[in-house]
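Following: one structure in structure tokens, then a few remarks.
Reminder, nothing fancy here: chain letters follow the sequence lines and each chain counts from 1. On a predicted model such as this, the values are computed, not experimentally measured, just so you know.
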Amino acid sequence: MTITPNDQVRADHLLSMDELAAVIARDIPSGAFVNLGIGQPTKIADHLPAGSGVVLHTENGMLNMGPKAEGDAVDPDLTNAGKVPVTELPGAAYFHHADSFAMMRGGHLDVCVLGAYQVAFDGDLANWTTGKPEDIPAVGGAMDLAIGAKDVYVMMTLFTRSGEPKLVPRCTYPLTGVGCVSRVYTDHGVFDVGPDGVRIRETYGVSAHELAERLGIQLS
Amino acid sequence: MTITPNDQVRADHLLSMDELAAVIARDIPSGAFVNLGIGQPTKIADHLPAGSGVVLHTENGMLNMGPKAEGDAVDPDLTNAGKVPVTELPGAAYFHHADSFAMMRGGHLDVCVLGAYQVAFDGDLANWTTGKPEDIPAVGGAMDLAIGAKDVYVMMTLFTRSGEPKLVPRCTYPLTGVGCVSRVYTDHGVFDVGPDGVRIRETYGVSAHELAERLGIQLS
Amino acid sequence: MSRAEILESTDAAVAGIEDGSTILVGGFGLAGMPFDLIDALIRQGANDLTIVSNNAGNGDVGLAALLAAGRVRKVLCSFPRQADSWVFDGLYREGKIELEVVPQGNLAERMRAAGAGIGAFYCPTAVGTPLAEGKEEREIDGRRYLLEYPIKGDYALIGAHVADAMGNLVYRKTARNFGPVMATAATTTIVQVDEVVEPGKLDPEAVVTPSIYVDRIVQVEARRYTVQGAR
Amino acid sequence: MSRAEILESTDAAVAGIEDGSTILVGGFGLAGMPFDLIDALIRQGANDLTIVSNNAGNGDVGLAALLAAGRVRKVLCSFPRQADSWVFDGLYREGKIELEVVPQGNLAERMRAAGAGIGAFYCPTAVGTPLAEGKEEREIDGRRYLLEYPIKGDYALIGAHVADAMGNLVYRKTARNFGPVMATAATTTIVQVDEVVEPGKLDPEAVVTPSIYVDRIVQVEARRYTVQGAR
């Protein structure tokens, strides 16, 4: 396992999830078709520049989803995958679930951004269940998204509340997908992952060397 | 192979294809969803009684197809599977080819009526190619229709121009489907076919015994 | 299936559903959820049911009420655990209900396969995960796939927006979700709609579920979605 | 695929198609046939093509003209032999073109599989017939099935009725046929339409091909379908 350090520290502090959402929004190519997972990734939509031409997909059956619906615009027949009322932009299209997941699984989305419990250096993803016996398993569309988009990004804090790294040599939580993640955005920095191992792209409030050390990886 | 004779002769002459179409139209249940194959079976539509509620499917992507289009009603974007211009009835629906064939192959049509080169006593069907080296093979939707409808009827003359039976112990032409035909309507009579063998339902201008003899079958 | 029947009441629409049936229930959260048909099913009394639906009930209404009435033996769904799935959670932890977790796309595609006459299909979802256990794996063109089988229903209960008297259906926005797929996968499809119109009133280019897939239709009062305890 | 491009000419729309490409060509007879794109493809000059289409050309126009120009190595289709398929018939009898006959439903479903990420599927069509030769057979729940693989295109050339500037498409009547399926199965989908409108002008409930499947759009003159020699 190699790690390519990049000592260009891009911020003097750890990023908030909102700041991180802005970083991800900046990296999404203009005109891309994108699915934003339930939870933190939803924030990314608020940071997409006007005129970016990014088209949002929601797996419950819609392309060109608009922002959250407020007040009278709330329509219980129009929600995102998190069941939050949303709006429709000009040029939207609705389709049923088999067509929506065919779109995902057929590799037509350019980017999807998911939360995660753990990501492995080789791109394995764990984000659907802790596997604890008392947890009721629930997968939703996570496994379909993991294998579906051309690029799967993860958005997460780099460490758990108790300080354990979530970017790991090998996932200990049950997998969602194998080798499917290509990039990991965290409050401490951004990492490329995959068959060639992990590479630090940029860091926030910490040097790449310090980060490598905390992740327990020897720099080559 | 057994044959159950039924000496109730229903006509004093062999039926024309038009008369046979009327016989088949009479047997199609009210409200049924039906696909009429290219060629002779198309005639059946002209004999469906008003108010029969029969809904016609055409595999190029339509339910509730109306009669042939004439004059100004001809629209090159609206044809049947034989590429003949047709019309649309109130309550029609259009769908693409994958949806149309899913409808057929999923067993949702009640009846389809096909032409045939040969039908075997056990319901095997041969209607897509003679298998002669000089013939260019072309199958269209024949194999999908053969396995798709709840009841597959065949409409054909009982003998070739040279007098060979087309209802045979075993097909010599290449098969379209195995054991898929349930009933055969011919100018000489109507036959049920299937795993229990062939049964004569009614005859036209000929007795069941005479017919059995011409088909080369010993009555039990 | 022959022509759709238009029924006067939801009770007539669910008549005859047998104990032990597999029932496909449409909806994603509240959107497209056939609440009136589920209420009628609770009154009808069928027992020992297998329910196929995206979720396993919200709050104390709809599927949650059917579960609470003890009518359900097994649930196939993608996402049982939600903030307000307390009825299911309780039954599950007490071991009173079986659960098969199916990835959402597989749930949809396996029902499509049932409706389309596909015997089984190779799918890339869940390869290498715990949900691959017991499934046949095959490599095709360098990619790993799992073999998935159809999910067929005895009945589908779905919600749509408008039906014509032939049985053609249109839906509203993301309330479309599982309805069109479930309609193809069930022996008998029962639909609650906001409105029934004469044939010819729906645009044939915009029909989503063609009449061939619809058996029984009942018009219901417009639903207020501000259901206590369900979101 | 990123946002659809709207091009000024059919020549621009077919630019860059490489020799040896597999091209999915929409249409069933004349309905939905992208004549203008095929004419541009003939001018463009790509050679050694594999064409996937329901028929193998009618009369002397469209696909028949592409075949006559000697650009096609192989045809996958369900029904090559027609009253007016003399161009194909001649090439085939002279051994100048390869033919793979595919049942019409398999043609559609195999392209759907390509678009939907399905690795392969078991299908009841053609069991026990000469078209089953070389295919894997499996019995599932007492019924026999053949294993069928996806058909993927490098390009799809299709005809639609109206596009919005995002790339959403609607079709007209039975001219819809293969277009929506082919659009999902090709790396690059090129569409000729009668009209391009602003986003928001198409009813989002009635869009048949969502914009994600469309790469290039060109508006063409309304076609007179009374083509000599083609029906």
Heavy-atom proximity to chain D below 4.5 Å, by part of [X]:
X	result
B:N80	backbone
B:T176	backbone
B:F101	side chain

*asked:* With a strict 4.5 Å heavy-atom criterion, list every residue of residues 151-165 of chain B that contacts chain D, or say none.
replied: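 Listed by number, there are no contacting residues, so the answer is none.
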*For chain D, which residues of residues 41-54 of chain B have heavy atoms nearer than 4.5 angstrom*: none
When you check the gap from the basic side-chain N to the acidic O, do [X] and [Y] get nearer than 4.0 Å?
X	Y	result
D:R110	D:E100	yes
B:R170	B:D122	no
D:D164	D:K201	no
D:K173	B:D77	no
B:E134	B:K132	no

Please flag which part of [X] lies under 4.5 Å from any non-hydrogen atom of chain B: side chain, backbone, both or neither.
X	answer
D:F28	both
D:N106	both
D:V127	backbone
D:C123	side chain
D:Y171	neither

Within a strict 4.5 Å, meaning less than it, do heavy atoms of the [X] and [Y] side chains meet?
X	Y	result
D:R73	D:I97	no
D:I158	D:T189	yes
B:E59	B:M103	no
B:V198	B:L167	yes
D:V75	D:E98	no
D:L76	D:T50	yes
D:L131	B:W128	yes

Residue among [options] with most heavy-atom pairs under 4.5 Å to chain D:
options	answer
B:V84, B:T79, B:T58	B:T79
B:M65, B:M62, B:E88, B:H96	B:H96
B:C180, B:A81, B:G61, B:A102	B:A81

*Donor-acceptor pair, side chain of D:E136 and main chain of D:L146, under 3.5 angstrom*: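 Here the side-chain-to-backbone pair does not exist.
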*Please determine, among D:C77, D:A132, D:G179, D:P80, the option with the most heavy-atom pairs under 4.5 Å with chain B.*
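The residue among D:C77, D:A132, D:G179, D:P80 with the greatest pair count is D:P80.
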*Looking at D:L107, D:V181, D:V208, which has the largest count of heavy-atom pairs under 4.5 Å with chain B?*
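Highest number of heavy-atom pairs under 4.5 Å: D:V181.
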_Ring geometry between B:Y173 and B:Y117 (parallel below 30°, tilted from 30 to 60°, perpendicular above 60°)_ =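 The rings of B:Y117 and B:Y173 sit tilted, inter-plane angle from 30° to 60°.
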*Can you name the nearest heavy-atom pair linking D:Y92 to B:I136, along with the distance?*
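Shortest heavy-atom contact: CD2-CG1, 3.6 Å.
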*Are B:H97 and D:F178 close enough that their ring centres sit under 6.0 Å apart?*
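Yes, the ring centres sit under 6.0 Å apart.
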